[in-house]
**Q** 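I am attaching a structure below and will ask some questions about it afterwards.
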Amino acid sequence: MKMNMSSKAVIASVLVSVVLFTTALLAIEITEPAGAEHGYPGLCDINGKKLADGEFRQWVEDERLHVVITYKFPDGRVWEENAHFRQQPELIQEQWSWKELRDGKPQREFAADFLAGTASAHISKDNKDVTDKIDIVPGQTFAGFGFTIALGNLRPRLVKGEIIDLKAVGFSPIPTLKPQVVTVKVSHAGLNRMKMSGRYLRGDNFLIHPEVPIFAKLFIKVPDTHIWLTAGRPPGFLRWEGSIVLPNDEMIRVDLVSDHVGGPAEPAR
């Protein structure tokens, strides 16, 4: 079949659009280097009901960015996420772990060693304990809070309309906890306003959509994750919504600040 010059021009234009707006990265250039931070986020259900008090700590040590996020529930449960990153010459996640404890005893534990290319999962009540190799692409593969840091550096490109392919470490709850790496498409879903701590704040909504194989969709639904960063520079964390760890976990929300009435300063114990 012959094509005239007009048809060829249209096809070429479409190909250029695909190249421009769907991009796979080799590594993420650091445009907003992260440093020391300390905050107290609130963990809520997807409708905004407060579930747990959080503490966020981030600092640089031994040329690595360390992140520790802890949530304490009224019933004695504790969730804790740990992550390590390298920011020079590009952003690369090296470690990630998440664990749930009840009265100090581990209930669920998930971890990924990006340098060794391994991941593990353990659930006490089900007697499940899995460790396996995973295919890590350094600078493209992230887990947990790593996506928030990646978005902070990709924000200028995403708000212009680019859709960027990254990779995420996950775990398949059916039939085992086998770790796997899936491609996710990251895009800008618009500028939103949300009520938080008695006032409305504006934030850029970034969508993380997993590209799940068709056969896997027959067994389990993998939800999207939304991360909001503060509008303008510097970009900072504002809100997160998604499943806890496993795709069939409950959906939760994490807000930068909690909706609580403040009180006066008092001497500490």
Side-chain angles (χ1 to χ4, degrees), residues 34 37-59 65-83 93 95-112 121-125 142-152 168-171 173 189 192-208 210 222-230 235-263:
E37 292 186 26
H38 202 149
Y40 297 90
L43 188 145
C44 313
D45 66 17
I46 199 63
N47 297 313
K49 180 182 178 181
K50 182 74 174 293
L51 300 177
D53 292 318
E55 181 177 14
F56 173 88
R57 295 183 293 132
Q58 178 178 284
W59 70 95
L65 180 70
H66 297 249
V67 175
V68 178
I69 310 171
T70 306
Y71 298 103
K72 295 183 178 181
F73 293 77
D75 63 3
R77 283 181 300 153
V78 174
W79 292 354
E80 184 174 282
E81 178 178 350
N82 283 264
Q93 185 163 5
Q95 301 282 341
W96 173 83
S97 67
W98 184 96
K99 61 183 177 181
E100 176 181 1
L101 301 97
R102 184 182 292 274
D103 299 324
K105 298 179 180 179
Q107 304 297 306
R108 300 199 301 170
E109 297 179 272
F110 302 88
H122 173 74
I123 298 181
S124 298
K125 69 174 184 177
F142 297 92
F145 194 75
F147 279 98
T148 300
I149 296 177
L151 287 173
V169 177
F171 299 85
N192 298 153
R193 65 193 291 263
M194 60 209 78
K195 191 172 184 180
M196 194 179 300
S197 191
R199 59 176 176 165
Y200 284 94
L201 303 176
R202 296 197 314 158
D204 285 300
N205 179 3
F206 296 98
L207 171 66
I208 301 174
V222 181
D224 294 336
T225 296
H226 289 264
I227 297 175
W228 285 263
L229 301 182
T230 52
F237 172 79
L238 190 59
R239 173 173 286 181
W240 180 95
E241 287 185 354
S243 59
I244 299 169
V245 178
L246 298 176
N248 59 349
D249 280 344
E250 64 182 295
M251 298 289 286
I252 59 170
R253 173 187 298 171
V254 175
D255 278 352
L256 173 65
V257 289
S258 304
D259 282 325
H260 274 309
V261 178

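Quick caveat: nothing in here was measured; it's all calculated off a predicted structure.
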**Q** Give, for atom CH2 of Trp79 and atom NZ of Lys99, the distance between the pair rounded to the nearest 0.5 Å.
**A** 15.0 Å
**Q** Tell me if a side-chain donor or acceptor on Ser124 pairs with a main-chain N or O of Pro106 at a distance below 3.5 Å.
**A** yes
**Q** Tell me whether Gln93 contacts the main-chain N or O of Ala143 through its side chain, where contact means a donor paired with an acceptor under 3.5 Å.
**A** yes
**Q** Could you point out which residue of Tyr40, Phe237, Phe145 forms a ring pair (Phe, Tyr, Trp, His ring centres under 6.0 Å) with Phe56?
**A** Phe145
**Q** Looking at Ala112 and Val169, what are the two nearest heavy atoms and their distance?
**A** CB-CG1, 4.1 Å
**Q** Distance from His38 atom NE2 to Arg57 atom CZ, nearest 0.5 Å?
**A** 6.5 Å
**Q** Before you tell me yes or no, could you show the steps for Phe142 and Ile149 under side-chain contact (heavy atoms from CB on, under 4.5 Å), namely the whole-Å CA-CA distance, both residues' side-chain angles and the distance that decides it to 0.1 Å?
**A** CA-CA 10 Å; Phe142 297 92; Ile149 296 177; over 6 Å; no
**Q** May I ask you to decide if Lys49's main-chain N or O and Asn47's side chain share a donor-acceptor pair within less than 3.5 Å?
**A** no
**Q** So how far is it from Glu241 CD to Asp224 CG, rounded to the nearest 0.5 Å?
**A** 11.5 Å
**Q** From Asp45 CG over to Glu250 CD, what is the distance, rounded to the nearest 0.5 angstrom?
**A** 8.0 Å
**Q** Quick one: closest heavy-atom pair of Phe147 and Ala168, and the distance?
**A** CZ-CB, 3.5 Å
**Q** Could you pull out the closest heavy-atom pair between Gly48 and Arg253, with the gap in Å?
**A** CA-NH1, 3.6 Å
**Q** Between Pro235 and Leu229, which heavy-atom pair has the shortest distance, and what is it?
**A** CB-CD1, 4.2 Å
**Q** Tell me whether the rings of His66 and Trp59 are parallel (<30°), tilted (30 to 60°) or perpendicular (>60°).
**A** parallel
**Q** Heavy atoms, side chains only, cut-off 4.5 Å: are Leu238 and Asp204 in contact?
**A** no
**Q** To the nearest 0.5 Å, tell me how far Leu43 CG sits from Ile69 CD1.
**A** 10.5 Å
**Q** What heavy-atom pair brings Leu51 and Pro74 nearest, and what distance separates the two atoms?
**A** O-CD, 3.4 Å
**Q** Without swapping roles, check the side chain of Gln107 against the backbone of Lys105 for a donor-acceptor pair under 3.5 Å.
**A** yes
**Q** Nearest heavy-atom pair of Val68 and Thr70: which atoms, and what distance?
**A** CG1-OG1, 4.0 Å
**Q** What's the verdict on side-chain contact (heavy atoms from CB on, under 4.5 Å) for Ile123 and Phe171, showing C-alpha distance, side-chain angles and the deciding distance?
**A** CA-CA 12 Å; Ile123 298 181; Phe171 299 85; over 6 Å; no
**Q** For a 4.5 angstrom cut-off between non-hydrogen side-chain atoms, does Thr225 reach Trp240?
**A** yes
**Q** Roughly how far, to the nearest 0.5 Å, is CG of Leu201 from NZ of Lys195?
**A** 11.5 Å
**Q** Hey, are the side chains of Trp228 and Leu256 touching, using non-hydrogen atoms and a 4.5 Å cut-off?
**A** no
**Q** Kindly indicate, with the supporting measurements, whether the criterion side-chain contact (heavy atoms from CB on, under 4.5 Å) is fulfilled by His226 and Asn192.
**A** CA-CA 12 Å; His226 289 264; Asn192 298 153; over 6 Å; no
